[in-house]
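Inspection log for the structure reproduced underneath, given as structure tokens.
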Amino acid sequence: MPKRTRIALVSEHASPLALLGGEDAGGQNVYVDELGRHLAALGYAVDVFTRRDREDRPEVVEWAPGARVVHLAAGRAAFLPKDRLWALMPAFQRSFLRFMLRTGARYDLLHGHFWMSGWVVARLRCRLGIPAVQLFHATGMTKRRHQGEADTSPDERVAVEREVVHAVDRVIAQCPAEYNELIEEYGADPARLSIIPAAVNTGRFFPVPQAEARQAVGLPADGPVVVYVGRMLPRKDVGNLLRAAALLRERDLPVRVLLVGGDDTPGSLAACEVAHLRELARDLGVADRVIFAGQQQPDRLRLYYAAGDVAVTTPWYEPFGLTPLEAMACGRPVVGSAVGGLTFTIQDGVTGVLVPPRDPAALAAALAHLLGRPALRAAMGEAARARVEREFTWTTTARRTALLYEALLAERHGAPPLRERAVGAEGE
């Protein structure tokens, strides 16, 4: 591999520098951060291009050796929900080209993250004559199917995604479900698809003695604890866990529910969801057993996972999901809904249990089964950690991605480029 192959990771709304847990700051931020760091450690020069959302952001920030974040001007330098950024993408692309012209930066390969960045890298591929890779993180087709009228994505999203799939050199799917969706619903060529799952930082997420963890987070040493870690969004269906806890209480199996995540910004979607969950807990009669721990940063999250006996995540829509991997890395079995990427990361009956979404009775039954069998929980937790170490480390993900890059660069060097297929949109 050339020592200083230059990679442009384009991630319009998800910056590695963002405070995790806030609105539109979650798994994609983690992915871009970890991938960028690990690619740089492999010898690549990595620039992450994201939109400037604050006036005080420097244009260029070196956040890891060999890896930089470049803030591009596109609209007012203020936070905007990602679904409002589509109209700014032509300006974002122009800012990218101006940065290259002004600084003399040259890139060997583009890697788009999310559909809007896919539009940008597809156009830059044609303009610059370099290979482009795309990772959607979530597709509009799946989001529309599961969220219906609650989906706030721009109307153009699915059509743009279809064009991007055919315009770039390779598309990365994170799990078999996404791979099949890209073929069946987007018409992707299987020869131009690769499955490379996301991963977890095993140096940050690792088993901690439960007594130590509970003391650190202020929980009593005794009694069963079920933990949820993640963003507080309606699609995460944390209410499903509260309803299951109410059913367990009716069966004289009370559990503490530890909820980690949220956003205190008044009026934010997360703050509204937390308020709804507090009210639901009161209505269900389990408010005294629910602990809202709020937003926590990554270096403390392992303590919360380890404080629980079982981790739960039962969204009704989840393209991949990083928090189950974090729980598994901390040696905890995971009860998850049988949707999307969770059916790939959680091995039912081995590292956890899969249950139907929106089914608190099934969730309560799974929790009762696990909480009453400490030896089974321990065995599942050990299997979960082993599975993460075997399949889901960022070193593995970065190496698989690097192999894809090198194959594309060799292909471009030794053969004529693929037939150019521009992605049309107004504004350039």
Side-chain angles (χ1 to χ4, degrees), residues 1 5-11 14-16 20 26-48 63-67 69 108-114 117-118 121 131-139 168-179 182 192-206 298 301-302 318-330 334 340-347 351 384-409:
M1 181 195 76
T5 299
R6 299 190 64 86
I7 307 297
L9 303 182
V10 184
S11 177
S15 168
L20 297 181
Q28 184 175 329
N29 304 72
V30 173
Y31 190 105
V32 173
D33 180 10
E34 294 284 2
L35 180 65
R37 289 176 186 274
H38 283 78
L39 288 173
L42 291 175
Y44 292 92
V46 178
D47 282 350
V48 175
W63 101 97
V69 174
D108 299 292
L109 185 141
L110 303 153
H111 188 162
H113 294 267
F114 205 54
S117 289
V121 302
V133 174
Q134 173 64 15
L135 174 60
F136 286 107
H137 291 274
T139 61
V168 298
D169 297 272
R170 293 291 188 278
V171 178
I172 294 174
Q174 295 193 78
C175 61
E178 184 181 9
Y179 179 91
L182 288 167
R192 293 167 67 181
L193 293 179
S194 298
I195 297 180
I196 304 176
V200 64
N201 184 334
T202 52
R204 172 176 283 160
F205 296 97
F206 53 82
L301 284 180
R302 63 177 171 271
E318 189 63 81
F320 186 76
L322 289 179
T323 58
L325 290 180
E326 293 172 356
M328 289 165 61
C330 294
V334 181
L342 301 186
T343 62
F344 174 59
T345 54
I346 301 169
Q347 289 182 305
T351 66
R385 174 71 187 188
R387 177 163 168 75
V388 166
E389 290 177 337
R390 188 172 60 249
E391 297 289 339
F392 298 107
T393 69
W394 284 112
T395 298
T396 299
T397 295
R399 285 175 176 165
R400 289 170 174 166
T401 304
L403 286 173
L404 174 60
Y405 290 170
E406 295 306 316
L408 274 180
L409 291 170

For W394 and R37, run side chain to side chain contact (heavy atoms under 4.5 Å, CB included): C-alpha distance rounded to whole Å, both residues' side-chain angles, the deciding distance at 0.1 Å, then the answer.
-> CA-CA 9 Å; W394 284 112; R37 289 176 186 274; over 6 Å; no
Quick note, salt bridge (Lys or Arg N to Asp or Glu O under 4.0 Å) partners involving residues 193-203, not counting sequence neighbours, are none
Set of side chain to side chain donor-acceptor pair (under 3.5 Å) partners for [X], sequence neighbours left out:
X: T396; value: T393
X: R387; value: none
X: R204; value: D299

Got a sec, which residues hit salt bridge (charged side-chain N to carboxylate O under 4.0 Å, His left out) with E318, two or more places apart in sequence or on another chain?
-> R235, K236
D108: salt bridge (charged side-chain N to carboxylate O under 4.0 Å, His left out) partners, not counting sequence neighbours = none
Kindly assign one of parallel, tilted or perpendicular to the pair Y44 and Y405, based on the angle between their ring planes and the thresholds 30° and 60°.
-> perpendicular
Donor-acceptor pair, side chain of [X] and main chain of [Y], under 3.5 angstrom:
X: S117; Y: V10; result: yes
X: D47; Y: A8; result: no
X: R170; Y: R192; result: no
X: Q134; Y: F114; result: yes
X: N29; Y: S15; result: yes

Rounded to the nearest 0.5 Å, what's the gap from [atom1] on [X] to [atom2] on [Y]? Could you check?
X: L182; Y: T139; atom1: CG; atom2: OG1; result: 7.0 Å
X: I172; Y: L35; atom1: CD1; atom2: CG; result: 8.0 Å
X: Q174; Y: L135; atom1: CD; atom2: CG; result: 5.0 Å
X: F136; Y: E178; atom1: CZ; atom2: CD; result: 8.5 Å
X: L39; Y: T5; atom1: CG; atom2: OG1; result: 10.5 Å
X: T397; Y: E34; atom1: OG1; atom2: CD; result: 9.5 Å

Yes or no on side chain to side chain contact (heavy atoms under 4.5 Å, CB included) for M328 and L325, after CA distance, side-chain angles and deciding distance?
-> CA-CA 5 Å; M328 289 165 61; L325 290 180; 4.2 Å; yes
Please find the pair of heavy atoms, one from [X] and one from [Y], that lie closest to each other, and give the distance.
X: G36; Y: W63; result: CA-CH2, 4.2 Å
X: C175; Y: P319; result: SG-O, 3.8 Å
X: V48; Y: P16; result: CG1-CD, 3.9 Å

Can a donor-acceptor pair be found between the side chains of T202 and E389 at a distance below 3.5 Å?
-> no
Kindly check if the number of other-residue, nucleotide or ligand heavy atoms within 6.0 Å of CZ (R6) is above 12?
-> yes
L9 pairs by side-chain contact (heavy atoms from CB on, under 4.5 Å) with which of L110, V46, V121?
-> V46
